[in-house]
Amino acid sequence: MRIAVVAQWLRAAHSDTERRHCCLRYAFGTFVLMLARLARLFVPVEAGLVSFGILAAAELRVPVWAERAANTT
């Protein structure tokens, strides 16, 4: 599902030149967090809750970071 979200943000970046930088930030942030979730599979079980908290905070931070470039409509 995350791959589809990244693809949609890249599609939006291609069609909306005014907000391209914002769309690319969303795509990049989503892609990096997707890779981080995959890497979390190799984290020891004891660190699972901590890694979940870090990823949840990062997930909430992506829109704040992306919208600094330009506001989405």
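The hydrophobic clustering, which links ILVMFWY residues whose side-chain heavy atoms are closer than 4.5 Å, places V43 and L38 apart. Cluster membership for L24 and F31, using ILVMFWY side-chain heavy atoms within less than 4.5 angstrom, is shared.
Other residues sharing a hydrophobic cluster with Y26 under the 4.5 Å side-chain heavy-atom criterion for ILVMFWY residues are V5, W9, L33, L55, V62. The hydrophobic cluster containing V45, built from Ile/Leu/Val/Met/Phe/Trp/Tyr side-chain heavy atoms closer than 4.5 Å, comprises no other residue.
Within the structure, side-chain hydrogen bond (donor to acceptor under 3.5 Å, both in side chains) contacts touching residues 39-48 (residues at least two apart or in different chains) are R40-S51. The list of ring pair (Phe, Tyr, Trp, His ring centres under 6.0 Å) pairs with a residue in residues 34-71, not counting sequence neighbours, is empty. Sorted by first and then second residue, the salt bridge (charged side-chain N to carboxylate O under 4.0 Å, His left out) pairs involving residues 64-73 (not counting sequence neighbours) form an empty list.
Minimum heavy-atom separation, R19 to T72: CD-CA, 4.1 Å. C22 and A66 make their closest contact through SG-O, 3.3 Å (heavy atoms, listed as atom of the first residue, atom of the second, distance).
Atom-to-atom distance recorded for L10:CG and C23:SG is 9.0 Å, nearest 0.5 angstrom.
Atom CG of L41 sits in a crowded spot, with more than 12 heavy atoms from other residues, nucleotides or ligands closer than 6.0 Å.
For R37, the salt bridge (Lys or Arg N to Asp or Glu O under 4.0 Å) partners at least two apart in sequence or on another chain are E59. By the side chain to side chain donor-acceptor pair (under 3.5 Å) test, R11 is found to be paired with Q8, residues two or more places apart in sequence or in another chain being considered. Judged as a side chain to side chain contact (heavy atoms under 4.5 Å, CB included), and not counting sequence neighbours, the contacts of H21 are R25, A69.
The closest donor-acceptor contact from the side chain of R20 to the backbone of H14 lies under 3.5 Å.
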